[in-house]
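For reference, the structure discussed in these notes is given below.
What you are looking at is a predicted structure, and each value in this text was computed from that prediction instead of being measured. Proteins come first, then strands; the chains are lettered A, B, ... in the order of their sequence lines, and each starts at number 1.
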Amino acid sequence: MTNYRSQQRFYRILVVVALALLVIMIAAALCVGRYFLPLTAVWQSLVHVAQPINPANNTIVWQLRLPRILGACLIGASLSLSGGAYQSIFQNPLVSPDLLGVTTGAAVGAASAIIWHQNTWLVMICAFVTGLLTVLITVSVPRFIHSHSNLTLVLAGVVVGGFMTAILGLLKYIADPESQLQDIVYWQLGSLEKLNYHTLAMMLPIFVVAGGLLLALRFRLNVLSLSDMEAQTTGINVKWERLLVILCATLLTAAAVAISGTIGWIGLIMPHIAKLLTKQNNQRALPLMAILGAMFLLLVDTLARTISAGEIPIGILTGLIGTPFFIGILAKQRGHLT
Amino acid sequence: MTTLKTQQLFYNFPGNKTGLQAVDLQIQSSQILAILGRNGIGKSTLLRLLLGLLTPKSGQVLVDGQAVTNLSPKQRATYLALVPQMGSVQTLPYNVLDYLLLGCAANMGLFSQPRPADRQRALALLTELGCQALCDLNCQQLSGGQLQLVTIAKALMQQPKILLLDEPTAALDYKNQRQIIQLLQRLAKQGLGIILTTHDPNQAILLDDQVALIDGSGRLTSGQMIEMITTDKLQQIYETALQVDYLPSCQRLVCTMSA
């Protein structure tokens with residue numbers, strides 16, 4: 001018990017440190033960019049909103065950097081949370097929104113909506129519906145072929161994701177190259193360039209509600225990671241609670257995809273690090289997961305917009321970091337794959 | 001006083017293979033019922049039927065007069081708790097105390113987290129079972145006997161009226177078998193009803209209470225241990241030559257395979 005108490009204390013300190021680091025990173029991200037602003041200038045802009053001392057600085061801080069930084073935090077936290085939720089629900093450490101095909105599925109919905117009618121809400125709804133449909137198809141493949149190993153689910157995700165990529169290709173083929181194609185390609189690569197307060201405000205309720213629900217359900221996620229039979233006899237409604245978690249996780253992914261395109265790997269890497277730090281307990285890992293996800297995407301996005309004159313799509317950077325990490329997890333998991 | 005009983009329970013295995021037929025059994029608080037039968041005869045299936053996890057072809061399972069399939073999972077969990085044969089505990093990376101807390105789920109709201117009081121209760125339970133030293137260990141570090149104790153403790157966290165155990169002693173050495181058997185007897189004395197499956201008649205002899213035998217056609221007969229554990233009946237159940245004798249040096253019946 002004494003050990004347990006010290007663990008609890010360690011965990012609390014961890015969350016506080018992570019939050020403090022996130023605040024420092026936000027401050028740093030407000031400073032850096034194509035035009036460097038010293039911290040004092042950023043602070044002046046943040047404090048003097050009504051009567052700006054330097055209007056140009058205010059525009060940079062309030063209109064260009066802040067929405068993007070807030071968006072990076074929200075999207076990073078959402079993707080990380082939904083990845084962690086999927087991993088628990090499917091009792092499979094190898095899944096994430098992108099590996100289950102959800103992000104590609106959501107991108108198909110977004111692309112269809114772009115071709116059909118340009119409207120952010122419609123893009124969001126279509127992204128959600130196709131994202132959910134994709135996860136349901138992916139999950140039913142192992143059931144259909146009566147093979148429940150971790151590897152089957154991952155392979156099903158790859159196959160269904162491939163199918164969705166094909167549909168996305170078809171949509172790109174029929175899209176108007178003058179206007180629609182560009183938008184679709186933007187979605188596929190993933191970028192926070194087009195984020196603004198308007199799109200953020202639209203998605204904020206979804207992030208808050210679905211993310212809040214997942215955080216509130218974090219103990220249930222522990223119970224759901226028992227075998228179905230055990231979870232059921234523990235007194236929870238496995239079917240409904242699992243569905244609720246899948247809906248929240250998919251909603252988070254779809255909302256993220258609808259405003260930032262497909263950003264891979266965060267949903268795989270961050271939950272792993274959070275679980276490593278909290279001894280795998282979702283109850284403690286989930287809040288940390290959200291903070292780490294926010295930190296990671298903020299870091300990657302800040303790199304994407306600062307390391308070169310042009311902007312590097314985020315998907316490229318997360319892919320470069322994510323692939324070796326995934327191989328590392330595979331190596332650790334090799335005994336449990338079949 | 002809680003009563004769990006079945007009325008003319010029929011169940012067919014997938015592929016319409018005949019499973020359990022006309023099963024009538026009854027158990028109440030403070031009783032221990034050991035269900036004996038060959039491997040693959042439907043002992044675990046019967047437990048699942050009792051828990052309402054499977055729907056019988058006909059007949060029903062009644063807990064205090066209510067059909068178990070009509071109860072919500074939450075209500076069911078306040079009556080019945082399961083200790084599965086291969087619990088997921090081995091694959092779970094939680095520490096023992098966190099694992100035990102999973103048993104509180106039935107008494108908690110959808111969005112609530114375990115409270116310090118729940119942790120105290122888990123700790124008290126571990127102390128009662130004599131394994132308070134395990135509370136900080138990771139489940140993956142435990143031995144087979146410790147795993148079984150911890151899984152039972154998690155089921156007890158549900159505060160059930162009847163505990164169902166699937167082959168609780170199957171993988172254990174003698175000392176651990178005795179420990180589990182004595183624990184079950186102590187729990188029964190405290191008022192818990194206990195149903196367990198086993199393929200070893202000696203376990204039923206040691207528990208010395210109710211025994212149910214499932215024969216090759218899926219029919220179940222039950223009664224007191226002394227009536228049920230006989231050479232004839234067991235030979236019929238296991239379809240092999242075996243012998244039940246009173247062994248004075250052990251001061252109990254012993255079932256052994258004949259040469």
Residue [X] versus chain A: region with a heavy atom under 4.5 Å:
{"X": "B/Met157", "value": "neither"}
{"X": "B/Asn138", "value": "neither"}
{"X": "B/Leu164", "value": "neither"}

Ordered numerically, the heavy-atom neighbours of chain A under 4.5 Å found in residues 36-55 of chain B are B/Arg48, B/Leu51, B/Leu53
By residue number, those in residues 62-76 of chain B with heavy atoms under 4.5 Å from heavy atoms of chain A are B/Pro73, B/Lys74
B/Arg121 meets the salt bridge (Lys or Arg N to Asp or Glu O under 4.0 Å) criterion, sequence neighbours left out, with none
Distance-minimising heavy-atom pair for [X] and [Y]:
{"X": "A/Thr278", "Y": "A/Ala274", "answer": "OG1-O, 2.8 Å"}
{"X": "B/Gly103", "Y": "A/Thr234", "answer": "CA-CG2, 4.1 Å"}
{"X": "A/Trp265", "Y": "A/Phe326", "answer": "CZ3-CB, 3.5 Å"}

Whatever's closer than 4.5 Å to a heavy atom in chain B on A/Gln91 counts as neither
Whatever's closer than 4.5 Å to a heavy atom in chain B on A/Leu215 counts as backbone
Which one wins on heavy-atom pair count under 4.5 Å against chain A: B/Ala155, B/Ser112, B/Pro114?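 Answer, by heavy-atom pair count under 4.5 Å with chain A: B/Pro114.
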Nearest 0.5 Å, please: how far is [atom2] in [Y] from [atom1] in [X]?
{"X": "B/Thr151", "Y": "A/Glu230", "atom1": "OG1", "atom2": "CD", "result": "7.0 Å"}
{"X": "A/Cys73", "Y": "A/Leu22", "atom1": "SG", "atom2": "CG", "result": "5.0 Å"}
{"X": "A/Arg242", "Y": "A/Leu217", "atom1": "CZ", "atom2": "CG", "result": "13.0 Å"}
{"X": "B/Leu184", "Y": "B/Gln179", "atom1": "CG", "atom2": "CD", "result": "11.0 Å"}

Going by distance alone, is a donor N or O of one side chain under 3.5 Å from an acceptor N or O of the other, for A/Asn281 and A/Asn222?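 Yes - a donor-acceptor pair under 3.5 Å links their side chains.
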Check: Just by distance, with hydrogens left out, do A/Asp98 and A/Ser96 show a side-chain donor and acceptor under 3.5 Å apart?
Finding: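 Looking only at side-chain atoms, A/Ser96 and A/Asp98 do form a donor-acceptor pair, the distance falling under 3.5 Å.
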Report, by ascending residue number, the residues of residues 75-88 of chain A in heavy-atom contact with chain B at a distance under 4.5 Å; give 'none' if the set is empty.
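Listed by number: none.
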Return yes if some donor-acceptor pair links the side-chain N/O of B/Gln203 with the main-chain N/O of B/Asp200 below 3.5 Å, else return no.
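Checked: no pair found.
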Of the listed A/Glu241, A/Lys275, A/Gln280, the one with the largest count of heavy-atom pairs under 4.5 Å with chain B is A/Gln280
Does any part of the side chain of [Y], heavy atoms only, come nearer than 4.5 Å to the side chain of [X], both counted from C-beta?
{"X": "A/Pro287", "Y": "A/Tyr11", "result": "yes"}
{"X": "B/Phe111", "Y": "A/Leu213", "result": "yes"}
{"X": "B/Gln158", "Y": "B/Thr78", "result": "no"}

Which of A/Leu136, A/Thr134, A/Val141 passes side-chain contact (heavy atoms from CB on, under 4.5 Å) with A/Thr138? Answer is A/Thr134
Is the shortest side-chain N to carboxylate O distance from B/Asp98 to A/Lys279 below 4.0 Å?
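Result for this pair is no, no salt bridge flagged.
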